[in-house]
Amino acid sequence: MDLPLSKRVQEVAPSPTLFITAKAKKMKQDGIDVIGLGAGEPDFNTPENIIQAAYKSMENGFTKYTPSTGIPELKKAIVQKLERDQGVRYKEEQIFVGTGAKHVLYSAFQTILNPGDEVIIPVPYWVTYPEQVKLAGGVPVFVEAGFEADFKISPANFEKHITPKTKAIVLNSPNNPTGMCYSKAELKALADIAVKHNLWIVSDEIYEKLYYGNPSDVVSVSSLSPEIYAHTILINGVSKAYSMTGWRIGYAAADENVIRGMGKLADHMTSNPTANAQYAAVEAYNGPQDVPEKMYQAFSERMARFYPQLEEIPGFKPKKPDGAFYFFIDASEAARRKGYESVDAFADALLTEALVAVIPGSGFGMPDYIRLSYATDPELFQEALNRLKDFMN
Ligand code: PMP
Ligand code: GLU
């Protein structure tokens, strides 16, 4: 077929996180004993009470269209959650529920950007932000923060990249792919600059529950001042905190005008997030919180167990994460020692020769790095580390 696809679709890059995860799964199906450390997806089942809530909702007939931006019960549960956990007050009219945080972010960029608008994205970034910005006609502007800076951008460097076309900055703390977490003071310094230049702050807080330091250090950006609150589009969801990646429920909390805009898009795109998944999410927020607590403990134990081993692999230079469930490792020396001209090629060899699937850092804007997800059965993770050690020795 020689009918060309849209320029928009031709220019968008596929998601490397999803691509490599699918490739590893396919290799496994074909009988190859590969260990996937690709996807950032908790290896626990969704808690039983949440599954039961979804069953019950279907038995009670909640199998029909819902309001396009979410059922009132879920908006109420989210409002209560934000007040309980983050100390920030929102009205139900300020909440948009979508089909996963990814769809919510997509809707937010579509709502706030005009063609040519610039969006500041700190590097490394989650693979999806630049593509979503481009799909909304925007232009990603990258601000670098390297290993020595703990992957944290400085306020001065942020401000230097602002132009008359800048419309927003994306903040993601705790961060994917590094696990880095900004302190309250660091976040406020960045957010104050955004307010000074009248920018939107798209704050992706999906790893909020996964911080291994003092919990009071993790704050929502919107809690930092009334002006910052007014400029923030807070993004979160149930995927990571409640091991509900497949249910596809995420949300935004923001200015009512933005939420109405996002709602108009949902009217024509999804009609509503899946009904039973919304009832499941109500239970996630209102029900017992012991399972997320157990998952947090498990991830934090894995981090403590595996990080020292990574430091010992020849050529690997990891950075100790503050949160989330990823190790981000400078593997340029490892690639050089094994004779590969790039870390991309090295990551490919890890998959085909060491049988360990990792995500190359190029997808996150840092091509010298690899990302390993420890949201993986710990014994499998240990076996993967043994394979990496053998490969490098
Ligand atoms: N933001 C970040 C930083 C993520 O890592 C993910 C992982 N998928 C998402 C958003 C999207 O989450 P969801 O499953 O809710 O779409
Ligand atoms: N966010 C997860 C990751 O970074 C899941 C895959 C995706 O949605 O990109 O691996």
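Order of listing sets the numbers, starting from 1, for every ligand and every atom in it.
- Remark: the Asp255 side chain and the Gln94 side chain contain no N/O donor-acceptor pair separated by less than 3.5 Å.
- Counted by atom type alone, Glu205 and Gln86 present zero donor-acceptor pairs between their side chains at under 3.5 Å.
- When only interatomic distances are considered, the shortest N/O to N/O separation between Trp126 and ligand 2 falls below 3.5 Å.
- The cationic group of Lys56 does not satisfy the cation-pi geometry with Tyr279, failing either the under 6.0 Å distance to the six-membered ring centre or the 45° limit from the ring axis.
- Counting only N and O atoms by type, the side chains of Tyr129 and Asp204 include a donor and acceptor under 3.5 Å apart.
- At a heavy-atom cutoff of 4.0 Å, ligand 2 is contacted by the side chain of Asn176 but not by its backbone.
- Within the 4.0 Å heavy-atom criterion, the part of Leu18 lying near ligand 2 is the side chain and not the backbone.
- In this pair, Phe381 and Tyr374 present their aromatic rings perpendicular. The plane angle is above 60°, beyond the 30 to 60° band.
- Ranking the protein heavy atoms by distance from atom 7 (C) of ligand 2 puts Thr17 OG1, 3.5 Å first.
- Taking the six-membered ring where the residue is Trp, Phe328 and Phe151 present perpendicular rings, their angle passing 60° and hence far from 30°.
- Remark: Lys81 engages Glu208 in a salt bridge, criterion side-chain N to carboxylate O under 4.0 Å.
- The proximity of Phe364 to ligand 2, defined as any non-hydrogen pair under 4.0 Å, does not occur for either the backbone or the side chain.
- The ligand atoms of ligand 2 that sit less than 4.0 angstrom from a heavy atom of Ala39 are 10 (O).
- Looking at Lys102, Arg371, Glu41, it is Arg371 that brings a heavy atom closest to atom 10 (O) of ligand 2.
- Asn272 and Ser68 are not linked by any side-chain donor-acceptor pair at a separation below 3.5 angstrom, with hydrogens and angles left out of the test.
- Salt-bridge formation is not detected for the pair Glu93/Lys76: no Lys NZ or Arg NE/NH1/NH2 atom is positioned less than 4.0 Å from an Asp or Glu carboxylate oxygen.
- Listed as neighbours of ligand 1 are Gly100, Ala101, Lys102, Trp126, Tyr129, Asn172, Asn176, Asp204, Ile206, Tyr207, Ser239, Lys240, Arg248, each bearing a heavy atom under 4.0 Å from the ligand.
- For atom 2 (C) of ligand 2, the closest non-hydrogen atom of the protein is Lys240 NZ, 3.4 Å.
- Cation-pi check for Lys317 over Phe147 is met; the charged atom lies under 6.0 angstrom from the ring centroid and within 45 degrees of its normal.
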